[in-house]
Amino acid sequence: MKTYDYLIVGSGLFGATFAYFAKQKGKKCLVVDKRPHLGGNVYCELIEGINVHKYGAHIFHTSNKDVWDFVNSIVPFNRYTNCPVANYKGKLYNLPFNMNTFYQMWGVITPDEAMAKIEEQRREAVAALQGREPANLEEQALSLVGRDIYEALIKGYTEKQWGRPCEELPAFIIKRLPVRLVFDNNYFNDAYQGIPIGGYNKLIEGLLEGIETRINCDFFANRAELSALAEKIVYTGQIDEYYDFRLGHLDFRTVSFEQETLNKQNYQGNAVVNYTECVVPYTRIIEHKHFEMFGQAVYDCPKTVISREFSTEWKPGMEPYYPVNDDKNNELYLKYKALAEREENVVFGGRLAEYKYYDMAPVIEQVMKRKDNV
Ligand code: FAD
Ligand code: UDP
């Protein structure tokens, strides 16, 4: 008899949600994480009364009512609506691309004027495609919004974020940026969005309530001993590491953060300001209090915490944040996936094990889909 039904490697949203449903089914779980805290990338540190998103800004958004109801049953979410602003050469533009942006860019007032301007801007790029699909991010962006917006708001930001020219990046990355002919700065098209009231740690604590956990516990430092404890393993770490990198390393992008506590109440008036110019070394500045403090509450809290985000080439040992889903890496992932499919007692899930650009809600959705078979 094993001590646990499941050994869950990784206490991020995949591992924590899996543990929650397994417990509901009467299964006994042990959740281990190599970091000194639980929660994976959604972990927040409380500084000066502000929940600081230690692994980058996290905004929960979904149109899946079941997922929304589920997370709200664990902890109620606030009404935060993501409306990032772009700073290009000291001038501010609203995102996502909408009537405010078009007004700021071209002085156009009506949707018809904006449409005509976009059509004029797109014409050259669409003609160059000669009927074929955009083959890279630059072609995709130019045929979506044209050169002015591409040069000011997309090219520099994207090349900083991904560390390679837009011509070498896949088109799908930019498809996530909506274009709207209304004055609507809400970044997401989803029906629901927000931040857990009291921060993401409350969500993780709620999911893991009553479940045994060990932090500072690297699966690979005690692999045999830990594996022997449970009938099955849920693995949410890097899939290439699970197989000792025997087929090669998968590439990632990472982000480094320069965090500062400032002796002022309000630094930039918004949670997210993107710096889209190539010469500014960081991609964006996050002011964390604006995720959870609104109106007077911003001024009732005397300090503020900001993080400058620098996108960095990943090397082994750094935090693996964004999978690089180019052809070379996707092919390598498929080879690892084929090995994983042969495992009878291991579930591979989440961003690192599935080598997939998952947002939080789809991660939870993936676990909810399989919850009856836990
Ligand atoms: P993770 O949160 O990465 O958890 C994996 C855990 O496994 C980690 O805690 C790690 O320490 C642990 N682990 C790995 N290897 C081992 C090992 N060998 N032994 C023990 N433990 C191990 N999503 C949104 O919806 N909205 C956003 O605004 C958003 N912003 C993001 C910003 C950034 C910078 C990043 C990187 C991601 C963002 N995401 C966002 C995505 C979100 O973080 C993920 O969808 C979610 O965290 C995935 O959960 P996970 O459990 O798969 O992975
Ligand atoms: N993007 C951009 N300018 C911006 C913000 C985003 O060009 O000011 C592009 C960039 O290519 C990025 C993509 O849109 O990779 C998706 O950005 P988003 O912020 O939606 O996703 P993230 O990668 O931060 O999760």
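Both ligands and their constituent atoms are indexed starting at 1 by order of listing.
- On a distance-only criterion, Phe220 and ligand 1 share no N/O pair closer than 3.5 Å.
- Atoms of ligand 2 found under 4.0 Å from any heavy atom of Thr276, numbered from 1 in the order shown, are 8 (O).
- Under 4.0 Å from ligand 1, the heavy atoms of Ala57 that appear belong solely to its backbone.
- Taking a 4.0 Å cut-off on heavy atoms, Tyr358 registers as neighbouring ligand 1.
- Here Leu169 has no heavy atoms under 4.0 Å from ligand 2, in either its backbone or its side chain.
- Counting only heavy atoms of the protein, atom 51 (O) of ligand 1 lies nearest to Phe14 N, 3.0 Å.
- In the candidate list Thr283, Val273, Leu153, Ile154, Leu153 is nearest to atom 3 (N) of ligand 2, counting heavy atoms.
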message: Could you go through Tyr357 and Tyr322, starting from their C-alpha distance and side-chain angles, then the distance that decides it, and tell me whether this counts as ring pair (Phe, Tyr, Trp, His ring centres under 6.0 Å)?
response: CA-CA 7 Å; Tyr357 197 112; Tyr322 298 102; 5.5 Å; yes
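- With hydrogens left out, the protein atom closest to atom 39 (N) of ligand 1 is His58 NE2, 3.4 Å, a heavy atom.
- Atom NZ of Lys337 is surrounded by 12 or fewer heavy atoms from other residues, nucleotides or ligands within 6.0 Å.
- Residue contacts with ligand 2 for Asp359 are absent, since no atom lies close enough (heavy atoms, distance under 4.0 Å).
- The shortest contact between atom 37 (C) of ligand 1 and any protein heavy atom is with Arg351 NH1, 3.4 Å.
- Annotation for ligand 1: atoms under 4.0 Å from non-hydrogen atoms of Val363 are 45 (O), 48 (C).
- Considering backbone and side-chain N/O of Arg284, none are found under 3.5 Å from N/O of ligand 2.
- Ligand 1 does not have Gly349 within reach: every non-hydrogen atom of the residue lies 4.0 Å or more from it.
- The protein heavy-atom contact nearest to atom 26 (N) of ligand 1 is Ile59 O, 2.8 Å.
- In this structure, of Tyr157, Tyr187, Phe172, the residue bringing a heavy atom nearest to atom 17 (O) of ligand 2 is Tyr187.
- A cation-pi geometry, defined here as NZ or CZ lying under 6.0 Å from the six-membered ring centre and within 45° of its normal, holds between Lys28 and Tyr4.
- Inspection of the Tyr299 and Asn266 side chains reveals an N or O donor paired with an N or O acceptor under 3.5 Å.
- With a 4.0 Å cut-off on non-hydrogen atoms, Pro362 does not touch ligand 1 at all.
- Separation of the Phe97 and Phe102 ring centroids does not fall under the 6.0 Å cut-off.
- The environment of Lys65 atom NZ is sparse: at most 12 non-hydrogen atoms of other residues, nucleotides or ligands sit within 6.0 angstrom.
- The aromatic ring centres of Tyr200 and Tyr43 sit 6.0 Å or more apart.
- At a 4.0 Å heavy-atom cut-off, ligand 1 touches Asp218 through backbone and side chain alike.
- Distances from atom 12 (C) of ligand 2 to the heavy atoms of Gln140, Lys160, Gln161 show the closest one on Gln161.
- Of the protein's heavy atoms, Asn41 N, 2.9 Å lies nearest to atom 2 (O) of ligand 1.
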- request: Kindly determine whether Glu260 and Arg308 satisfy salt bridge (Lys or Arg N to Asp or Glu O under 4.0 Å), including the steps that lead there.
  value: CA-CA 9 Å; Glu260 238 185 298; Arg308 291 184 179 81; 2.9 Å; yes
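- Residue Ile173 approaches ligand 2 through these ligand atoms, each under 4.0 Å from one of its heavy atoms: 11 (O), 13 (C), 15 (O).
- Of all the heavy atoms of Phe60, none lies under 4.0 Å from any atom of ligand 1, so neither backbone nor side chain is involved.
- The closest heavy-atom contact to atom 23 (N) of ligand 1, among the options Val367, Val31, Asp359, Thr62, comes from Asp359.
- For ligand 2, the atoms lying closer than 4.0 Å to a non-hydrogen atom of Asn274 are 4 (C), 5 (C), 8 (O).
- Annotation: cation-pi pair Arg351/Phe252 absent, no NZ/CZ under 6.0 Å from the ring centroid and within 45° of its normal.
- Separation of the His61 and Tyr192 ring centroids does not fall under the 6.0 Å cut-off.
- Formation of a donor-acceptor pair under 3.5 Å by the Arg35 side chain with backbone atoms of Gly40 is found in this model.
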field: Check against side-chain hydrogen bond (donor to acceptor under 3.5 Å, both in side chains), Trp314 and Asp251
entry: CA-CA 7 Å; Trp314 179 82; Asp251 294 325; over 6 Å; no
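- Of the candidates Tyr357, Phe188, Tyr322, the one placing a heavy atom closest to atom 22 (P) of ligand 2 is Tyr357.
- For ligand 2, the atoms sitting less than 4.0 Å from at least one non-hydrogen atom of Leu95 are 8 (O), numbered in the order shown with element in parentheses.
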- request: Kindly determine whether Asn330 and Asp327 satisfy side-chain hydrogen bond (donor to acceptor under 3.5 Å, both in side chains), including the steps that lead there.
  value: CA-CA 5 Å; Asn330 285 340; Asp327 291 345; 5.0 Å; no
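- Taking a 6.0 Å sphere around CD of Glu133, one finds it holds 12 or fewer heavy atoms contributed by other residues, nucleotides or ligands.
- Not a single heavy atom of Tyr43 lies less than 4.0 angstrom from ligand 1.
- Formation of a donor-acceptor pair under 3.5 Å by the Asp33 side chain with backbone atoms of Ser11 is found in this model.
- A ring-centre distance under 6.0 Å is found for Phe70 and Tyr20.
- Proximity annotation for atom 36 (C) of ligand 1: of Phe188, Tyr321, Tyr187, Tyr242, Tyr321 comes nearest, heavy atoms only.
- Protein heavy atom at the shortest distance from atom 7 (O) of ligand 1 is Gly10 CA, 3.2 Å.
- Tyr55 and His37 have tilted rings, their planes meeting at an angle from 30° to 60° on a 0 to 90° scale.
- The nearest heavy-atom contact from the protein to atom 21 (N) of ligand 1 is Lys34 N, 3.1 Å.
- Protein heavy atom nearest atom 4 (O) of ligand 1, with residue, atom name and distance: Gly12 CA, 3.5 Å.
- Backbone and side-chain nitrogen or oxygen atoms of Asp33 are examined, and one is located within less than 3.5 angstrom of a nitrogen or oxygen of ligand 1.
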